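Below is one structure, written out as structure tokens, with a few remarks after it.
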Amino acid sequence: MDKWPDNRAWFLVLPAFIIVAFSGIIPLMTVVNYSLQDIFGPGEAVFVGTEWFKEMLGNYRLHAALWRQFLFSGLVLLIEIPLGILIALAMPKRGWGVSASLVILALPLVIPWNVIGTIWIVFTRPDIGLFGVGINSLDLLEVPFDHTAKPLYAWITLLAMEVWHWTPLVALLAYAGLRAIPEAYYQAAKIDGASAWATFLYIQLPKMRGVLTIAVLLRWMDSFLIYAEPFALTGGGPGNTTTFLSIYLVKLATMQFDLGPAAAFSLIYFLIVLLFSFAFYQALLNVGRGEKG
Amino acid sequence: MARIELNEIAHSYRPKPRSDEDFALKRIHHVWEDGGAYALLGPSGCGKTTLLNIISGLLNPTRGQVLYDDKDVTDLPPEKRNIAQVFQFPVLYDTMTVFDNLAFPLRNRGLAGRDVERRVHEVAEILDLAPYLKKRAAGLAADAKQKISLGRGLVRDDVAAILFDEPLTVIDPHLKWNLRRKLKDIHERLKLTFIYVTHDQVEALTFADKVVVMYEGEIVQIGSPQDLFENPEHTFVGYFIGSPGMNFLDCTLEGNLARSNGARIALDETVAAKARGIQGKLELGIRPMHLKVCTEAIEGGVPANVKAIEDQGSYRIVIASFGGQILRARLPEGRHTPSDQIWLVFPPEWTRLFVDGRLIKA
């Protein structure tokens, strides 16, 4: 093809470019800039190259936070995805029940993160919380339930919060996927004598692939970036047992003012999220797609 | 294989049907003989698919019974009826290979190993799917996918009948012909009962030995393609079959003549005699290909004005108006195009008389 004689049309891209620059590229580059310098105060900065990256990659606190984070996100996905699918399968398909269940499901989604934290703290408090008082009155636990008392309790509370808050999203996505399956598939399955399990495995699950990919990606990223809930609950404790990556990052950046290491850490954090999102996306896109034999 | 009998079937999608209008199927009483190739033809919304779903068991009729070889199966679910159904668009198990797709109905019924292998290979051979057996079904073209849907029915050697619900809708025109030919082959080879739903008359007429025409929830005629064309028992059949459909003129009876807009048209004597005693709205019908076009005044010819000429490729259709009613006539090949005034001749042997939509038989 011939080259365009006039390239002024590129100016039309300019507004979008400026918006993206200010919302993404420039802040990111600032972080890159910080990550390469040691900043003592205004105007006093020393170029340190990759030193902060080396330091952060070898930092055992970061390692611990990272593994904690993987465990948390992994558990979140393992609970929320199957649970969301189950809820979607159990939801009514027509009639007034559809709107009712959609509204009930959507309720947790519209509550802000730190309010969720507060709700659950009150709910699980050992002195006044319904759950805390309830479970302790049964007298089953060796250590009475108190999310500040034992790491396990803090984790259970955090997971409960996260699952309560976000499983509805997975359920809504899965429900949308299920509703989009044409009736003929179910009819064919009936005629072929497929069991309910086979229908789920060979029709419903493959047809939900698209929405489940989105659900996994969203829940993975969101849970990997979790901040408000553990911050509201224990601020990262007891000890460091709920100090996830973003909690640690904020401690580093705003409490200790280690801007350089924090910036290097941010970039590593960003790359991990990006890498895993890409891996999930590719895996889910291709699962069960390749040619056999 | 089975003979399928529909005993006074009626179906309504409303829980409490009151009037006749609440019924998608009004009254269907029909026997599908074992090994027949039937087409169920009708416009969209006439109840074809409803009827098909009642036969396969996906729907339970509001009234009546379905019998397979004299055994009442009305309350049996589809998987117990040994029926196969091919849907409008290909229904496949996307994540499975072609082999697994074909084996699926067998495996669900507890068959395993050798038997499955043997049946699947047999069917794949018949359907020309053998080279694709190891491929993933999702990647194939629409016609191959539709063959797989059909194959899932054929693998079961006890299959009572195969039902097709407009199976060629999504197939490219040049492949349609091939696939239709293939279906016919399979029917001749396996002698299974085929019931083929379509709104395309060409498909119905080329596929079936017997065409069942449905209109507004009722069967209006069952017959061979030729019957439907020459002796439509209902004005709807006349209008629906043939391209363009039959011409109809409102008329009154005068001895052996039909009077319409002042013109007198001769009728078959026995038909006229039968019609004389009957009360109701009379209509006269004739196929465009039977209507003779003359460019000069002729004894018994009805004068009409040419409105337009439609070129249909291999022949032309004259659209003429006669006393405010439109008539279509097929021009014989090589005839020069009439310009303005023409005279139309209604040969009595091809002129049909209808009372309230029903044919008066000679």
Side-chain angles (χ1 to χ4, degrees), chain A residues 81-82 85 88-89 92-98 173-216 280-293, chain B residues 49 52-53 55-59 76-111 132-140 148-153 155-156 158-163 165-167:
Chain A
I81 301 294
I85 294 173
L89 286 172
K93 289 172 186 69
R94 57 183 71 85
W96 60 269
V98 176
L173 283 167
Y175 186 69
L178 283 175
R179 301 309 308 138
I181 302 174
E183 196 53 34
Y185 280 88
Y186 294 113
Q187 296 180 336
K190 260 193 217 166
I191 287 168
D192 288 338
S195 61
W197 173 244
T199 308
F200 173 71
L201 208 59
Y202 298 119
I203 294 175
Q204 292 174 320
L205 205 53
K207 294 276 167 209
M208 281 195 289
R209 178 209 302 273
V211 288
L212 287 183
T213 305
I214 295 172
V216 167
F280 274 131
Y281 182 69
Q282 287 301 324
L284 283 163
L285 207 63
N286 294 317
V287 65
R289 278 248 170 124
E291 298 267 293
K292 258 196 193 169
Chain B
T49 302
L52 206 65
N53 287 345
I55 295 174
S56 64
L58 292 168
L59 271 179
L76 288 185
E79 66 268 23
K80 298 249 166 69
R81 290 194 187 186
N82 287 332
I83 206 99
Q85 191 162 349
V86 178
F87 296 90
Q88 194 164 9
F89 58 91
V91 174
L92 294 179
Y93 305 104
D94 291 345
T95 50
M96 294 189 200
T97 60
V98 174
F99 183 95
D100 290 336
N101 258 283
L102 293 175
F104 192 61
L106 297 176
R107 288 177 176 155
N108 284 332
R109 286 171 173 76
L111 242 69
Y132 306 111
L133 277 179
K134 291 207 162 85
K135 283 225 165 81
R136 211 161 273 284
L140 298 178
I148 297 169
S149 309
L150 170 61
R152 283 208 314 273
V155 282
R156 286 151 47 193
D158 56 351
V159 74
I162 301 190
L163 313 179
D165 191 355
E166 306 192 16

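Computed from a prediction, not measured in an experiment: that's the story for all the values here. To find a chain, count down the sequence lines: A is the first, B the second, and so on, and within it residues start at 1.
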Interface moiety of B/D165 toward chain A, non-hydrogen atoms closer than 4.5 Å: neither

Heavy-atom pair count under 4.5 Å with chain B, highest-scoring of A/P206, A/A188, A/P182: A/A188

Toward chain A, the part of B/L92 with a non-hydrogen atom under 4.5 Å: backbone

Heavy-atom side-chain contact between A/D192 and B/E79 under 4.5 Å: no

Charged N-O contact under 4.0 Å between A/K207 and B/D94: yes

Neighbour count above 12 (heavy atom, 6.0 Å) for B/Y132 OH: no

Ring-ring centroid check B/Y93 A/Y185, cutoff 6.0 Å: no

Interchain contact, B/R81 with chain A, by part (heavy-atom threshold 4.5 Å): neither

